[in-house]
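First the structure, in the form of structure tokens, and then the observations on it.
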Amino acid sequence: MDNSKENLILQQQSSIPSFLTKTYDILENSNYSDIIQWNQDGKAFIIKKPYEFAKKILPKYFKHNNYTSFIRQLNIYDFHKIKNELGKHEFKHNFFQKEKKHLLCEIKRKSIEQQEQLEENNQIQSQYKINLYQPIIIHN
Amino acid sequence: MDNSKENLILQQQSSIPSFLTKTYDILENSNYSDIIQWNQDGKAFIIKKPYEFAKKILPKYFKHNNYTSFIRQLNIYDFHKIKNELGKHEFKHNFFQKEKKHLLCEIKRKSIEQQEQLEENNQIQSQYKINLYQPIIIHN
Amino acid sequence: MDNSKENLILQQQSSIPSFLTKTYDILENSNYSDIIQWNQDGKAFIIKKPYEFAKKILPKYFKHNNYTSFIRQLNIYDFHKIKNELGKHEFKHNFFQKEKKHLLCEIKRKSIEQQEQLEENNQIQSQYKINLYQPIIIHN
DNA sequence: CACGTTCTAGAATATTCGCAC
DNA sequence: TGTGCGAATATTCTAGAACGT
């Protein structure tokens, strides 16, 4: 059997936005642990070096190297910044936890106020929603 | 007199999407004339080598190197493909012409169907909504 | 005559927000020219090294070292980012120019525009509409 | 009260994918 | 690689809102 086709079907069924899977992948990469890492209990993550995160890691996964664009996406998916010591960049979402990748499918875009209305009208199509984004990384 | 208000209006008018100015810039670059070029009468342009256009030129101006994404943008702005000899990639918009960059501001996005509805619903608020999104574009 | 005293009085009377004067002072400091600097024609400024700007310069003038907080202030005062090459941080306000510090008093908070418009809708108050945030300034 | 700082959201354009014709 | 479009996510620039001084 063609594995690529099988994976394609899996991707279709899960339909998890690439922002979530990519961010999760970054956190699973132990090479980045000095820049970005899960917190102690694994229920949030800390960007320990925002500048290096933006310049070194972001362009490998996304089409930009802007820290603020990454933060905008976090807020779109309803992550929240945790208030703690000065200058600590810690973010949390109840369905974004270490060793619990299966919860990612529960995370929804926030601006669903309009989308919910549309989905109620188009319940059939929502089953076939597909995310086949393939990152094309352009370095300069 | 209040110049700031006047300038604000000017800025609104000058809000030309970067897709249009970038595509125009590409056509003005004579180094690319063997890949993409204005046609004879200057009222359309021809992508003579789509593959090289996608891989060499697109990533210098956009965040991707996909020919189809470029074509999607052309369609969004209501460009049309000209049917002619086999395999000729020629596109046209009445306000996209050689030596007439000042016409770019007349080109509008096509998917205004939704925008029109939103505007109808927000007639009151529309008084307070100002499009400040497009800053002045300065090329070197 | 004591110029310093005169300038002090002028500053008090004009009540220019400290954000504007501090940002202007930063740009007048030639020691920072490799981090932040006026552009060629002096009608905009470029933050050449955002990270160093945030960490080295901002805390000397403000109560934080966050680049985004500085950008938020720029937008509040109606500065606009100029679109140009990727990663270039250039900002402009028509009344924020090199060698023209006397124009700073013309820069107003953006959020006042909405208040003005709201007042215009309240026809009763509109008769008495006065810009209370800009005291009378006497030049020369 | 105006201003400053922080966190989040609005709005427009950009990119991708699949479908209808 | 037929052509154009709808829809979803992504990226960017600007603004809203809360809170403190």
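As the structure is a prediction and not an experimental result, all values here were calculated from the model.
- One atom, NE2 of A:His93, and another, P of D:dT8, lie 12 Å apart when rounded to the nearest Å.
- Not a single side-chain hydrogen bond (donor to acceptor under 3.5 Å, both in side chains) links B:Glu52 to another residue, sequence neighbours left out.
- A heavy-atom distance below 4.5 Å is found between the side chains of C:Leu104 and C:Phe96.
- With sequence neighbours left out, C:Phe70 forms a ring-ring contact (aromatic ring centres under 6.0 Å, His included) with C:Phe19, C:Phe53.
- Counting any heavy atom pair closer than 4.0 Å across all strands shown, C:Tyr61 reaches no nucleic acid atom.
- What separates CZ of B:Phe91 from C1' of E:dT1 is a distance of 10 Å, to the nearest Å.
- When heavy atoms are screened at a 4.0 angstrom cut-off, A:Tyr77 is found touching the sugar-phosphate backbone but no base atom.
- Between D:dG4, D:dT5, D:dT13, one nucleotide has an atom nearer to the side chain of C:Phe19 than all others, and that is D:dG4.
- Residue pairs meeting the side chain to side chain donor-acceptor pair (under 3.5 Å) criterion with at least one member in residues 68-79 of chain B, sequence neighbours excluded: B:Tyr77-B:Arg109, B:Asp78-B:His80.
- Atom CD1 in A:Ile82 sits about 13 Å away from atom C1' in D:dC7, given to the nearest Å.
- With a 4.5 Å cut-off on side-chain heavy atoms, C:His93 and C:Ile107 count as touching.
- Within the 4.0 Å cut-off from OP1 or OP2 of D:dA14, at least one side-chain nitrogen or oxygen of B:Ser18 is found.
- For C:His80 and E:dT14, the shortest distance from a side-chain N or O to OP1 or OP2 is below 4.0 Å.
- Between the B:Lys98 side chain and the B:Gln40 main chain, no donor and acceptor come within less than 3.5 Å of each other.
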Working for ring-ring contact (aromatic ring centres under 6.0 Å, His included), residues A:Tyr51 and C:Tyr51: CA-CA 7 Å; A:Tyr51 180 77; C:Tyr51 181 76; 4.4 Å; yes
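- At whole-Å resolution of the value, CZ in C:Phe70 and P in E:dT14 are 13 Å apart.
- In this structure, C:Ile71 places its CD1 atom 13 Å from P of D:dT5, rounding to the nearest Å.
- The distance from atom CG of A:Leu58 to atom P of E:dA10 is 13 Å, rounded to the nearest whole Å.
- Between B:Lys60 and B:Asp25 no salt bridge is recorded (no basic side-chain N to carboxylate O distance below 4.0 Å).
- Both B:Thr68 and A:Lys88 lie close to DNA chain D; mapped to their nearest nucleotides by heavy-atom distance, the more 5′-ward contact belongs to A:Lys88.
- Applying the 4.0 Å criterion to OP1 and OP2 of D:dT16, one finds that B:His64 has a side-chain N or O inside that range.
- Rounded to a whole Å, the CG atom of A:Asn66 is 14 Å from the C1' atom of D:dA14.
- At a non-hydrogen distance threshold of 4.0 Å, nothing from residues 38-51 of chain B comes into contact with DNA chain D.
- Counting non-hydrogen atoms of other residues, nucleotides and ligands closer than 6.0 Å to NZ of C:Lys43 gives a total of 12 or fewer.
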Where do N or O atoms of nucleotides 17-21 of chain E meet protein N or O atoms at under 3.5 Å, pair by pair?
none

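- The residue B:His89 sits close to a base: some heavy atom pair falls under 4.0 Å.
- Residues B:Tyr67 and B:Asn75 each lie close to DNA chain E; by heavy-atom proximity, the contact nearer the 5' end of the strand is made by B:Tyr67.
- Scored by the side-chain hydrogen bond (donor to acceptor under 3.5 Å, both in side chains) test, C:His89 finds C:Tyr67 as partners (sequence neighbours excluded).
- Between A:Gln73 atom CD and E:dC13 atom P the separation is 15 Å, expressed in whole Å.
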